[in-house]
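One structure is given here, and the rest of the page talks about it.
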Amino acid sequence: GESVGLHLPTLSVQEGDNSIINCAYSNSASDYFIWYKQESGKGPQFIIDIRSNMDKRQGQRVTVLLNKTVKHLSLQIAATQPGDSAVYFCAENTGTASKLTFGTGTRLQVTL
Amino acid sequence: DAGVIQSPRHEVTEMGQEVTLRCKPISGHNSLFWYRQTMMRGLELLIYFNNNVPIDDSGMPEDRFSAKMPNASFSTLKIQPSEPRDSAVYFCATSRGQDYGYTFGSGTRLTVV
């Protein structure tokens, strides 16, 4: 029979355009958030993090925005490149030990 | 820094056999996590250790799964006996502690036939 897997939301972006990947988190007590990138056949790779006392943090070509009022996190990638094609996960830490809770992920497809 | 080292990278085994997955954490990282990733369920936390002590094993699916961390530089995840539904990619991740991100290994792709 047909296998049924997680339906990952997919964002398709043209090379050179900006990408915005969104994540809703559930725990208002979460105080630390991370974005991970997972390329095919590899483990998730840390991209950028943000703590709850901030609402914006910038890295190289990436920006993370945190809206605690609506429990929303976003990752912006500037000038998206083919190498950015991957699945992106957000993760939250509620402050309980080191345990992170991961979202289901968003697939980013970069078209030429 | 060699990062988190997992072995083997790929494992194919017959149903009923014992499987042992290995992880060497980054030196100085005192938290270690075992995850399983499948198409059906995404990333699932199986168990994690702080300072070599198991803290939360509520994600371990059955008694067939066990994990150990005998010292700060080595951990194993064992499945005995293995079943086809255990087929997945198993990741080990380590962290310096609370409020730090994880560093993931490259994973072990397990296929049970």
Side-chain angles (χ1 to χ4, degrees), chain A residues 1-10 23-27 29-54 57 59 62 64 66 73 75 86-107, chain B residues 1-7 9-10 21 23 25-26 28-59 84-85 87-109:
Chain A
E2 184 179 28
S3 64
V4 177
L6 279 177
H7 175 66
L8 290 182
T10 299
C23 176
Y25 63 93
S26 56
N27 194 330
S30 294
D31 57 5
Y32 179 56
F33 305 87
I34 307 174
W35 279 101
Y36 284 88
K37 171 187 181 184
Q38 187 176 21
E39 296 175 273
S40 180
K42 297 183 180 180
Q45 179 184 16
F46 176 97
I47 302 174
I48 191 168
D49 60 359
I50 188 168
R51 301 188 190 280
S52 59
N53 60 352
M54 303 171 68
R57 188 158 189 234
V62 295
V64 55
L66 174 63
L73 193 67
L75 177 70
V87 176
Y88 290 80
F89 295 94
C90 64
E92 60 182 300
N93 184 325
T94 62
T96 303
S98 311
K99 185 176 173 181
L100 290 175
T101 301
F102 285 82
T104 54
T106 296
R107 185 179 304 281
Chain B
D1 186 352
V4 177
I5 299 173
Q6 289 188 248
S7 63
R9 285 283 279 133
H10 301 275
L21 311 182
C23 177
I26 292 173
H29 283 201
N30 58 5
S31 296
L32 184 142
F33 306 81
W34 282 101
Y35 279 85
R36 177 171 69 177
Q37 188 175 41
T38 61
M39 288 293 293
M40 293 290 291
R41 295 184 172 145
L43 268 171
E44 299 175 277
L45 176 65
L46 300 177
I47 185 171
Y48 76 96
F49 297 83
N50 272 352
N51 297 316
N52 313 338
V53 176
I55 302 300
D56 183 353
D57 66 353
S58 59
R85 60 193 167 122
S87 298
V89 180
Y90 290 81
F91 287 104
C92 175
T94 69
S95 171
R96 281 190 284 169
Q98 190 171 337
D99 284 355
Y100 290 94
Y102 298 177
T103 300
F104 281 81
S106 298
T108 294
R109 180 173 295 277

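Chain naming here is simple, since letters A, B, ... match the order of the sequence lines and numbering starts at 1 in each. Since the model is a prediction, treat every value here as computed from it, not as a measurement.
A/Tyr36 places a side-chain N or O within 3.5 Å of a backbone atom of B/Tyr102 that can act as its donor or acceptor partner.
Residue contact with chain A, scored on non-hydrogen atoms closer than 4.5 Å, is absent for B/Gln6. Neither the backbone nor the side chain of B/Arg109 has a heavy atom closer than 4.5 Å to any heavy atom of chain A.
Side-chain atoms of A/Gln38 and B/Phe91, non-hydrogen and from C-beta on, do get closer than 4.5 Å to each other.
Once rounded to the nearest 0.5 Å, the distance linking CZ of A/Phe89 with CD of B/Gln37 reads 5.0 Å. Atom-to-atom distance recorded for B/Ser95:OG and A/Ile34:CD1 is 7.5 Å, nearest 0.5 angstrom.
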